[in-house]
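These notes concern the structure reproduced below.
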Amino acid sequence: MGTPAPVGKLDTLVSLCKRRGFIFQSSEIYGGINGFWDYGPLGCELKSNIRQSWWQSMVRLREDVVGLDATIIMHPAAWKASGHLDTFSDPMCTCKSCKKLMRADQTWEMLADNELGASLTELHANGQPDSGRVEGWCNGRGKGLAPGLAAVRNPDAVLAAVGTRLAGTAFRNFVSLLASENPAALVQPCPHCGGELTEPRPFNLMFKTIVGPVEDPANVAYLRPETAQSIFAQFLNVITTSRQSVPFGIAQVGKSFRNEVTPRNFTFRSREFEQMELEFFIRPDEAIELICGRVATLADNPDLSAPQENWGWQVWHKYWVEQRLAWYRRIGLPDASLVQYWQEPKELAHYARACVDIQYAFPFGVQELEGIAARSDFDLTQHQKHSGKTMEVFDEPLKLAAAKLDEAARAAFADKVAAEWAGRGKSADDARAFVAKLFEGRYIPHVIEPSAGVDRLALALLCNAYAEEPVTDDKGKTETRVVLRFSPRIAPVKVAVFPLMKNKPELYAKAREIFGQLQRRWNCFWDESGAIGRRYRRMDEAGTPFCVTIDFQTLEDGTVTLRDRDTMKQERLSVAALKEKLDDSLI
RNA sequence: GCGGGCGUAGUUCAAUGGUAGAACUCCAGCCUUCCAAGCUGGUCACACGGGUUCGAUUCCCGUCGCCCGCUCCA
């Protein structure tokens with residue numbers, strides 16, 4: 001086997017994807033459209049195999065996960081509840097000097113976090129800036145830190161104009177005075193260079209559309225930016241019809257849409273993309289404690305091979321991380337190419353308790369394939385608030401466990417939970433109301449969310465599979481063989497079938513017969529044209545793991561040759577043995 | 001959205017103010033008893049739209065797309 005050559009530049013892969021029919025630019029005959037990609041004959045098989053493998057492992061092989069296939073367009077209120085309507089339309093500013101783009105509501109925060117901000121804070125001296133120092137700063141250090149700041153570009157005029165107003169003023173006002181050519185109209189400075197920011201402009205990260213024939217603001221709806229929300233919105237229907245109870249999960253695969261600022265890196269960041277999401281609902285830790293007496297955490301070093309009754313959210317979260325990593329290994333991504341990135345507490349969304357990114361080392365950098373978040377009961381709570389429908393479940397074991405406690409034990413438990421919640425900055429009253437519900441066997445489930453991108457994974461599999469290797473023929477001529485070493489389980493075409501020669505009718509007929517048999521079980525490819533070696537190489541570029549050739553010996557003893565993509569070795573075996581071998585490799 | 005670079009067959013590259021050329025690929029035929037062989041023939045391109053010009057693939061403008069950087073990434 002030759003040395004796998006990593007895809008150094010994405011261009012080579014993009015070119016192969018087009019040449020072999022994996023991925024095309026959307027609407028290419030019209031010049032293409034930025035951020036949208038189509039999957040050709042091989043690409044759609046690859047994606048289909050990814051989806052099927054995911055579904056198999058997440059739904060079919062489990063008894064505690066069921067499926068859902070919801071619409072892309074939902075009631076707009078769902079997006080209000082989820083928070084997307086607000087967070088996906090953040091006003092953005094551009095700096096007129098350095099041209100950087102940033103969220104308008106974060107500029108002060110960014111300033112507070114950087115060197116420029118620190119330097120200005122020092123200069124501000126709690127509202128008692130020294131005018132000499134300010135002037136010195138503008139002529140000195142400020143030139144490096146804030147080349148765009150008005151007071152740096154033009155210190156004499158600006159400092160004269162603001163005069164004594166610098167003293168005794170608040171920090172933001174102080175900075176704004178330095179940032180403005182016109183002290184009457186204060187501007188907010190760019191946190192990067194001190195330059196003038198444009199007025200905040202709205203950015204719409206969700207695609208809008210109109211439902212119904214009348215184009216009226218009341219009819220605005222959105223293409224979903226994630227599939228997860230429909231799972232939460234259908235939570236009650238699924239739980240009442242599926243005979244599942246917490247802990248259990250709802251899985252969904254489907255398209256999502258985000259009006260990305262910058263689609264980049266081939267299909268990696270697309271505006272239309274496909275997600276594979278699981279929302280796995282679990283009991284709140286407090287319920288586990290009532291039922292089991294104690295909550296298992298990672299500190300207990302739990303065995304993660306099979307779920308246990310006493311697992312708290314932390315263990316469930318870790319369990320899903322391990323499950324997902326095992327799946328990536330199974331479909332052919334080596335451990336060495338995967339990175340587990342545990343988000344720092346300050347990076348987490350406010351409702352998230354933990355989030356792990358599973359990242360892959362793409363040619364353009366280590367980037368996220370999947371995020372596994374512990375989202376507490378945030379989502380269901382939001383939908384409960386906005387829809388007015390209760391998202392509480394009734395948990396019989398919990399009610400029975402609570403019934404065994406006497407008044408004193410209940411009070412002690414309530415006190416303990418109230419104290420814990422207070423420690424996390426939550427209201428003690430809420431904690432007591434929550435505990436009262438728990439004693440009735442009721443709670444809003446918490447959720448662990450493994451959310452993966454189909455397109456990103458397809459790209460990772462392509463990058464991982466791509467290899468170039470030198471091949472020397474009998475005459476000593478060396479050429480480069482391009483081969484996609486997909487795991488057979490996700491390879492778009494499993495078996496290619498070739499008659500050794502096409503102008504021998506008996507050979508041809510036998511080959512067609514065998515092709516017909518294999519075709520019923522696997523995605524097969526028929527190729528009768530060109531030299532046999534050429535046909536093998538074509539299949540190498542498509543990533544087809546096996547090629548079966550029917551030759552004259554087949555007519556005599558019924559055996560065929562099976563050629564292995566990776567080793568290029570051949571073995572001769574009967575058709576029955578061939579099927580068995582393929583079964584072993586492909587299922 | 002901003003700045004820079006780029007845009008010629010499927011791919012990789014030429015040439016040109018006067019109707020675009022090659023290699024490989026692809027297709028067909030012949031040949032061929034296992035790794036891109038050979039022979040013959042064939043298909044396929046100046047991203048799109050304006051402008052200048054007798055004439056534009058070439059010069060100019062705009063749009064779109066791709067790449068790089070900034071930015072965004074619940």
Side-chain angles (χ1 to χ4, degrees), chain A residues 9-12 14-21 24-36 40 79 82-90 92-103 106 110 192-193 198 201 203 205-206 225-226 228-229 258-266 268-269 347-352 355 357 364 367-368 371 373 375 378-379 449 451 453 471-475 477 479-482 498-504 507 529-541 547-555 560-563 565 568-570 572:
Chain A
K9 282 174 67 188
L10 204 53
D11 298 9
T12 319
V14 174
S15 167
L16 173 68
C17 283
K18 182 172 184 183
R19 186 167 75 240
R20 286 297 166 191
F24 308 126
Q25 205 179 6
S26 168
S27 321
E28 196 186 78
I29 60 168
Y30 293 105
I33 175 165
N34 193 347
F36 296 89
W79 305 114
S82 71
H84 288 85
L85 209 47
D86 297 325
T87 61
F88 263 41
S89 53
D90 295 319
M92 308 286 287
C93 293
T94 312
C95 171
K96 290 176 183 172
S97 295
C98 70
K99 307 295 181 193
K100 288 186 178 168
L101 179 76
M102 67 215 85
R103 269 173 59 172
Q106 288 184 345
M110 291 165 78
H192 299 98
C193 76
T198 60
R201 285 168 299 181
F203 257 60
L205 266 28
M206 280 199 290
E226 64 174 27
Q229 294 306 322
R258 294 179 197 182
N259 209 349
E260 297 287 355
V261 178
T262 310
R264 239 356 120 77
N265 293 326
F266 199 21
F268 183 80
R269 179 165 294 127
E347 293 177 273
L348 293 171
H350 62 94
Y351 49 80
C355 186
D357 291 342
F364 45 83
Q367 297 279 346
E368 182 184 346
R375 295 172 64 93
F378 174 79
D379 300 279
E449 179 192 86
S451 168
V471 178
T472 308
D473 65 15
D474 300 341
K475 296 162 195 122
K477 196 173 122 200
E479 289 174 326
T480 299
R481 180 171 87 117
V482 173
F498 311 145
L500 185 58
M501 281 175 293
K502 70 169 167 179
N503 58 355
K504 298 286 189 289
L507 211 56
S529 80
I532 194 77
R534 177 180 297 273
R535 284 180 263 169
Y536 286 145
R537 295 297 172 81
R538 277 199 281 249
M539 286 298 103
D540 289 341
E541 277 198 349
C547 296
V548 170
T549 300
I550 285 77
D551 61 10
F552 292 96
Q553 194 178 330
T554 312
L555 301 175
V560 298
T561 62
L562 178 66
R563 183 261 195 184
R565 176 196 65 202
M568 297 197 287
K569 296 263 168 54
Q570 285 176 272
R572 181 164 282 279

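Below, read A as the first sequence line, B as the second, and so on, with proteins coming before strands; counting in each chain starts at 1.
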At under 4.0 Å between heavy atoms, what does [X] touch on the DNA or RNA strands: base, sugar-phosphate, or nothing?
| X | answer |
| --- | --- |
| A/Asp551 | base |
| A/Phe268 | nothing |
| A/Arg20 | base |
| A/Glu541 | base |
| A/Arg563 | base |
| A/Gln553 | nothing |
| A/Phe266 | sugar-phosphate |

Rounded distance in Å between the [atom1] positions of [N] and [M]:
| N | M | atom1 | answer |
| --- | --- | --- | --- |
| B/rC44 | B/rA22 | P | 14 Å |
| B/rA14 | B/rC24 | C1' | 15 Å |
| B/rU11 | B/rA36 | C1' | 14 Å |
| B/rC13 | B/rU8 | C1' | 10 Å |
| B/rC30 | B/rA23 | P | 24 Å |

Heavy atoms from C-beta onward define the side chain here; which of [options] lies closest to that of [X]?
| X | options | result |
| --- | --- | --- |
| A/Glu260 | B/rC26, B/rG10, B/rC72 | B/rC72 |
| A/Lys502 | B/rG29, B/rA28, B/rC34 | B/rG29 |
| A/Leu500 | B/rC34, B/rC26, B/rU32 | B/rC34 |
| A/Arg537 | B/rA28, B/rC35, B/rC34 | B/rC35 |
| A/His192 | B/rA37, B/rU71, B/rC34 | B/rU71 |
| A/Thr561 | B/rC72, B/rC34, B/rU25 | B/rC34 |
| A/Ser529 | B/rC26, B/rC34, B/rA28 | B/rA28 |
| A/Arg264 | B/rC66, B/rC35, B/rC68 | B/rC68 |

Inter-residue atom distance A/Cys17.SG - A/Leu10.CG, 0.5 Å rounding: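 Nearest 0.5 Å value for the SG-CG distance: 8.5 Å.
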At what distance, to the nearest 0.5 angstrom, does OG1 of A/Thr549 lie from CE of A/Met501?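 Separation between the atoms: 11.5 Å.
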Counting only side-chain N and O atoms of [X], is one of them less than 4.0 Å from OP1 or OP2 of [N]?
| X | N | value |
| --- | --- | --- |
| A/Arg481 | B/rC35 | no |
| A/Asn34 | B/rC66 | yes |
| A/Arg572 | B/rC34 | no |
| A/Asn503 | B/rC31 | yes |
| A/Lys504 | B/rU33 | no |
| A/Gln25 | B/rC66 | yes |
| A/Lys569 | B/rC35 | no |
| A/Arg538 | B/rU25 | no |

Could you check whether A/Phe364 and A/Phe266 have their ring centres less than 6.0 Å apart? no
Could you tell me whether the side chain of A/Thr262 has a donor or acceptor atom within less than 3.5 Å of a complementary atom in the base of B/rG1?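 For A/Thr262, whose side chain was compared with the base of B/rG1, there is a donor-acceptor pair (under 3.5 Å).
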Side-chain donor/acceptor contact of A/Tyr30 with base of B/rC48 under 3.5 Å: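 Between B/rC48 and A/Tyr30, which were checked side chain against base, a qualifying N/O pair under 3.5 Å is absent.
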Atom-pair distance (CD on A/Glu479; C1' on B/rU12), nearest Å: 16 Å
Is there a Watson-Crick or G-U wobble partner for B/rU12 with both distances under 3.5 Å, and which nucleotide is it? B/rA22
